[in-house]
Amino acid sequence: MVSVVRSMADTLADAANPQRWLEGLSSSLSGEEQAMLTRAFDEARALYCGKTMAQTGEDLFNHAVAAAAIVADLNLLPDAIVATLMFAASDYREDWQVWLSETFNPTVAVLVEGVNGVRRITELARIDKLSTPEERARQAETMRKMLLAMVADIRVVLIKLAWRTQTMHYLAEVADETVRRRIATETLDLFAPLANRLGVWQIKWELEDLGFRHTEPDSYKRIAKLLDERRLERIDYIDRLLNTLRAELKNAGVKAEVAGRPKHIFSIWKKMKKKKLDFCELYDIRAVRILVERLPDCYTALGIIHGTWQPIPGEFDDYISHPKANNYRSLHTAVIGPEDKAVEVQIRTFEMHEHAEFGVAAHWRYKEGGKGDAAYEEKISWLRQLLDWREEMSDREGLAEAFKTELFADTIYVLTPQGRVMALPFGATPIDFAYSVHTNLGHRCRGAKVEGQIVPLSTPLQNGQRVEIITAKEGGPSVNWLHDGWVKSHRAISKIRQHIRLLNADTVRETGKMLFERELARHSHMQPNLGALAEKLGYDKLEEVYGALGHGELTTRVVSNAIVSFAPPPPADVAPESLVKASKGGHDAGGVLIEGVDNLMTVLAKCCKPAPPDGVMGFVTKGRGISIHRTNCLTLKKLSVEVPERLIAAEWGDQRSSVFPIDIEIIAMDRPGLLRDLSDVLSREKLNLIGVNTLSRDTRARMRFTVEVRQVQDISRVLSRMMELSGVQEARRL
């Protein structure tokens, strides 16, 4: 990445001379793009004339140009540069969205709108308002996730980081120490770690060093003095060292990429503090990394390093032979380099490096510490790879589309009236928000305001909204919140159920009974056996069903589905077999023998899915030939009462080349990987799976599979093996 170190003299020169500024951009810009940037430069100068930054007093136009130069160095396409120049348009034009869309393009307006949203959030959710370091750390981490989740284009976050970088460059000019310390603290807590996890290293280092300069001025000056050389001198030293190293590797026939950097002041201070080391005990103030293609080349390069410069005893670690717990692999050593200065060297393959940057060994997680989140880290890895690839992508439209992201859409982030950020699942309502703040607030929740407007409790919340809960002095949650689907978060559901359990048991059962009878009335044409219905719902007694409904553990929708599944019971004294009269002849029609009838089409009934050697019987349909049922099929028994004259005897013919679909049902304790394990059993038995239907409630899963078999006996072994799986309680053919 190109350095974004810019002096104030450069900034003022750019502001005065747009042509010089444009000439500093990539030569790959088209004439149309350069014209758009020139127009943006002129519009910004006119719009910001005489205006200053609210917090620092910096000239607004100078700030915009310097921030835009940083964005240009990040290769984020001309739209992002223009949006950076015009970021304050909304403060000075009421029609800014239409104006930006018509003057430039809609993408610029969308980016500016996104940056305004980020600015609003960072103003409302002030980290410095929190009293303890633990609270500030939690708020900062949640805000970092929030900023990534609420933007539709990742460039919005990078533009915000560019603003803050320029603010930090100017911060020394601010006279008020309180303002300097507050801005610097927010930078170290929020923006520098965000740049770190996105892999925007130059911005990350500058934010850290400049933030540290104002939060710990004495420590900053002390370490700067101990370095005994200016930063540019350290960079020059690294460049000369790299040239020597490249030549040595080339002479040895090792193909390698070599890079280096001087360690920054903030990183030095953190390492001294974390490991309780003196400055003289640090050997990685200057560091070099060597990337090679093959594993043997790692040790060849190590030999070259140790043969060229003197190794420092005790500073060699072989994380290739003995990887770290997160599978980080690399060779680490330290040597006395030119001018008797210590240099740290890391050697690894390109594959190892990719794992270190984007895999579970990711550098940003190691640096920030804290509890890991595999799903979140995978999304960050994708963003880091995207930003890493942008230098190589020549397709401008494809790159612009790639910047648009919905990776974090499974979580939303909203604000309390005090500016605290709360994380909720997608689709969460004010009820979920109330319980995330405090259990008692959730219990007494009776209404809500979103952005100052009263809304129904069922309203799905959106990223960045400020929510206020309207409460009653007493009372509790309603079980209808669960039945109506107004609650999404596990915490809220658990707290509501826990509260309802504490209510009077009789009241709970009466509520459940009322709900149960209401569902029966809705399906008055059905008359299920209530004991059988309770058993189908997973309970021994009807009273337990009432209690589960009253507690919210069982929903009315599940009860309704169970009622519908019951067909009217057939008369117990009628058997279809006794109504069928065997005739003398037979013919193999479709592999099923139908007695006494020639050349009739036969179809297997879907209600019972017969397969050899099930006892079967035919039913003469209207226009579809003979429908073949199992003899114990409930539908067949019902038909035997209504139209007994249409039953006809049938038996299996030659089925050696046929397969038959049958249904099996699995009841198990729900767990991750259950469906995969069941599918593996079917795969090992070489049975073709043609249908899957699953239903999970609380911790219980009910799964139905449709598989193709040649004989019913083929499935018995499969059911036995499924019963051996962890958590499986029942496996049967339907």
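Only this structure's heavy atoms are used, side chains among them; waters, hydrogens and symmetry mates stay out.
Side-chain atoms of Gln465 come within 3.5 Å of backbone N or O of Gln462 as a donor-acceptor pair. At least one donor-acceptor pair closer than 3.5 Å links the side chain of Glu451 to the backbone N or O of Arg466. In this structure a side-chain-to-backbone donor-acceptor pair under 3.5 Å is present from Arg120 to Gly464. Between the Arg446 side chain and the Ile470 main chain, no donor and acceptor come within less than 3.5 Å of each other. Side chain of Asn529 to main chain of Gly531: a donor-acceptor pair is present (N/O by atom type, distance under 3.5 Å, no hydrogens or angles).
Taking all atoms of both residues into account, the shortest heavy-atom contact from Arg491 to Thr439 is NH2-OG1, 3.2 Å. Considering every non-hydrogen atom in both Ala448 and Pro430, the closest pair reads CB-CB, 3.5 Å. Residue Val487 comes nearest to Ala492 through the heavy atom pair CG1-CB, 3.3 Å, listed as atom of the first residue, atom of the second, then distance. Heavy-atom minimum distance, Leu647 versus Ser640: CD1-CB, 3.7 Å. Nearest approach of Tyr413 to Ala423, heavy atoms of both residues: CE2-CB, 3.4 Å. Between Asp189 and Pro193, the shortest heavy-atom contact is O-CG, 3.6 Å.
Looking at Thr429 and Leu461, their side chains never come closer than 4.5 Å, going by heavy atoms from C-beta outward. Side-chain contact between Lys638 and Thr635 is absent, with no heavy atoms from C-beta onward closer than 4.5 Å. Side-chain contact between Leu482 and Arg497: present, with at least one pair of heavy atoms (C-beta onward) separated by less than 4.5 Å. Side-chain contact between Phe619 and His629: present, with at least one pair of heavy atoms (C-beta onward) separated by less than 4.5 Å. The shortest side-chain heavy-atom distance between Met703 and Leu678 falls under the 4.5 Å cut-off. Residues Val707 and Pro661 are not in side-chain contact: their nearest non-hydrogen atoms beyond the backbone lie 4.5 Å or more apart. A 4.5 Å side-chain heavy-atom check between Thr122 and Leu190 finds at least one atom pair inside the cut-off. Looking at heavy atoms from C-beta onward, Cys633 lies in side-chain contact with Cys607 at the 4.5 angstrom threshold.
To the nearest 0.5 Å, the span separating CZ on Phe705 from CD1 on Ile662 amounts to 13.0 Å. Distance check: Glu535 CD to Leu542 CG gives 12.5 Å after rounding to the nearest 0.5 Å. From Asn632, atom CG reaches atom CE of Met617 across 10.0 Å, with rounding to the nearest 0.5 Å. Going from atom NE2 of His443 over to atom CD1 of Ile431 covers 12.5 Å, rounded to the nearest 0.5 Å. To the nearest 0.5 Å, atom CZ of residue Arg420 and atom OG of residue Ser436 are 7.5 Å apart. To the nearest 0.5 Å, atoms CZ (Arg733) and CD1 (Ile664) are separated by 10.5 Å.
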Intermediate values then yes/no, side-chain contact (heavy atoms from CB on, under 4.5 Å), Thr416 and Val467 = CA-CA 6 Å; Thr416 69; Val467 184; over 6 Å; no
task = Could you check Ile563 against Leu533 for side-chain contact (heavy atoms from CB on, under 4.5 Å), going step by step and ending with a plain yes or no?
result = CA-CA 7 Å; Ile563 293 172; Leu533 178 58; 3.8 Å; yes
key: side-chain contact (heavy atoms from CB on, under 4.5 Å) assessment of Ile496 paired with Ile493   = CA-CA 5 Å; Ile496 293 170; Ile493 292 171; 6.0 Å; no
side-chain contact (heavy atoms from CB on, under 4.5 Å) assessment of Val437 paired with Ile469 = CA-CA 10 Å; Val437 175; Ile469 298 299; over 6 Å; no
ask   = Under the side-chain hydrogen bond (donor to acceptor under 3.5 Å, both in side chains) criterion, do Arg646 and Thr621 qualify, and how do the steps go?
value = CA-CA 8 Å; Arg646 293 168 64 183; Thr621 66; 5.9 Å; no
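Atom CD of Gln453 is surrounded by 12 or fewer heavy atoms from other residues, nucleotides or ligands within 6.0 Å.
A salt bridge is defined here as a Lys NZ or Arg NE, NH1 or NH2 lying under 4.0 Å from an Asp or Glu carboxylate O, and Asp432 with Lys488 fails to meet this definition.
Ring-plane geometry between Phe516 and Tyr546 is classed as perpendicular, the angle between the planes exceeding 60 degrees on a 0 to 90 degree scale with a lower cut at 30.
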